[in-house]
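A quick write-up on the structure given underneath.
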Amino acid sequence: MTPASLTCSEFGQPIEGSVYFFAHFRFDSVALTIGEQRGSQLYVSAVVEGDVDDLGISRLQAEGWLDFDSLIVALSDVPATVAAARSTLESFTDAEGLEGAHTGHNYRFKPSPAQT
């Protein structure tokens, strides 16, 4: 995977930044960088700012190696098919090697068994 960066300054447009502390707390702005890949692991750094739900933390930063599990396509108008969800996903990233499945309220794209 080539390094990638994505930012937003409004919650959910296009990234949802939240922290779970007994409940989900949302943040307006997100800066996310995927810097390196080793097999199914990704080196990621993220900064969230703009405490929407009054958690009391104005800025939070984290970085480290994460195990990649899946990408989720969750839209207010749920796509009718896996192919339609894949088309939406591909407007943001390359979905080659990912298999999609409908989960009832969204679509989850995981690495194909041959990719793991």
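Keep in mind that this is a model prediction, so the values were computed, not measured. In this chain, numbering begins with 1 at the start of the sequence shown.
- In the model, Ser70 has a side-chain atom that pairs as donor or acceptor with a side-chain atom of Arg108 under 3.5 Å.
- Formation of a donor-acceptor pair under 3.5 Å by the Thr93 side chain with backbone atoms of Glu90 is not found in this model.
- The cluster map of Ile, Leu, Val, Met, Phe, Trp and Tyr, joined by side-chain heavy atoms under 4.5 Å apart, puts Trp65 and Leu32 in different clusters.
- Considering all non-hydrogen atoms of both residues, Val47 and Gln61 come closest at CG2-CG, 3.7 Å.
- Asp69 is listed as a side-chain neighbour of Lys110, based on a closest heavy-atom distance under 4.5 Å.
- The distance from atom CD of Gln13 to atom CG of Asp28, rounded to the nearest 0.5 Å, is 11.0 Å.
- Counting only distance, with no hydrogens or angles, the side chain of Arg86 and the backbone of Ala95 share a donor-acceptor pair below 3.5 Å.
- Rounding to the nearest 0.5 angstrom, the gap separating the SG atom in Cys8 from the CD1 atom in Ile15 is 4.5 Å.
- Looking at Gln41 and Phe68, their side chains never come closer than 4.5 Å, going by heavy atoms from C-beta outward.
- Side-chain atoms of Leu71 and Leu98, non-hydrogen and from C-beta on, do get closer than 4.5 Å to each other.
- Phe27 and Phe22 end up in the same hydrophobic cluster when Ile, Leu, Val, Met, Phe, Trp and Tyr side chains are linked at under 4.5 Å.
- The main-chain N or O of Gly97 is found under 3.5 Å from a side-chain atom of Ser112 such that the two form a donor-acceptor pair.
- For the atom pair OG of Ser29 and CZ of Phe11, the computed distance is 12.0 Å after rounding to the nearest 0.5 Å.
- Proximity of Ile57 to Val19: side-chain heavy atoms (C-beta onward) are nowhere separated by under 4.5 Å.
- Between Pro3 and Gly35, the shortest heavy-atom contact is CG-O, 3.4 Å.
- Expressed to the nearest 0.5 Å, how far OG1 of Thr103 lies from CD1 of Ile72 amounts to 7.0 Å.
- In the hydrophobic clustering of ILVMFWY residues, with side-chain heavy atoms under 4.5 Å counting as a link, Leu6 and Val44 come out together.
- Ser9 pairs by the side-chain contact (heavy atoms from CB on, under 4.5 Å) definition with nothing, not counting sequence neighbours.
- Taking each heavy atom of Ala85 and Pro79 in turn, the nearest pair found is N-CB, 3.7 Å.
- Screening residues 86-105 for ring-ring contact (aromatic ring centres under 6.0 Å, His included) gives His102-Tyr107 as the qualifying pairs, with residues at least two apart or on separate chains.
- Looking at every heavy atom in both residues, Phe21 comes nearest to Phe25 through O-CE1, 3.2 Å.
- In this structure, His24 NE2 and Ser18 OG are separated by 4.5 Å, a value rounded to the nearest 0.5 Å.
- When the side chains of ILVMFWY residues are joined at heavy-atom separations under 4.5 Å, either directly or via intervening members, Leu75 and Val82 end up in a single hydrophobic cluster.
- Judged purely by atom type and a 3.5 angstrom limit, Asp94 uses its side chain to pair as donor or acceptor with the backbone of Glu96.
- Glu49 and Arg59 are joined by a salt bridge, as a carboxylate oxygen and a charged side-chain nitrogen come within less than 4.0 angstrom of each other.
- Listed here is the closest heavy atom pair of Asp51 and Asp54: OD1-N, 3.0 Å.
- Residue Phe109 comes nearest to Val73 through the heavy atom pair CE1-CG2, 3.8 Å, listed as atom of the first residue, atom of the second, then distance.
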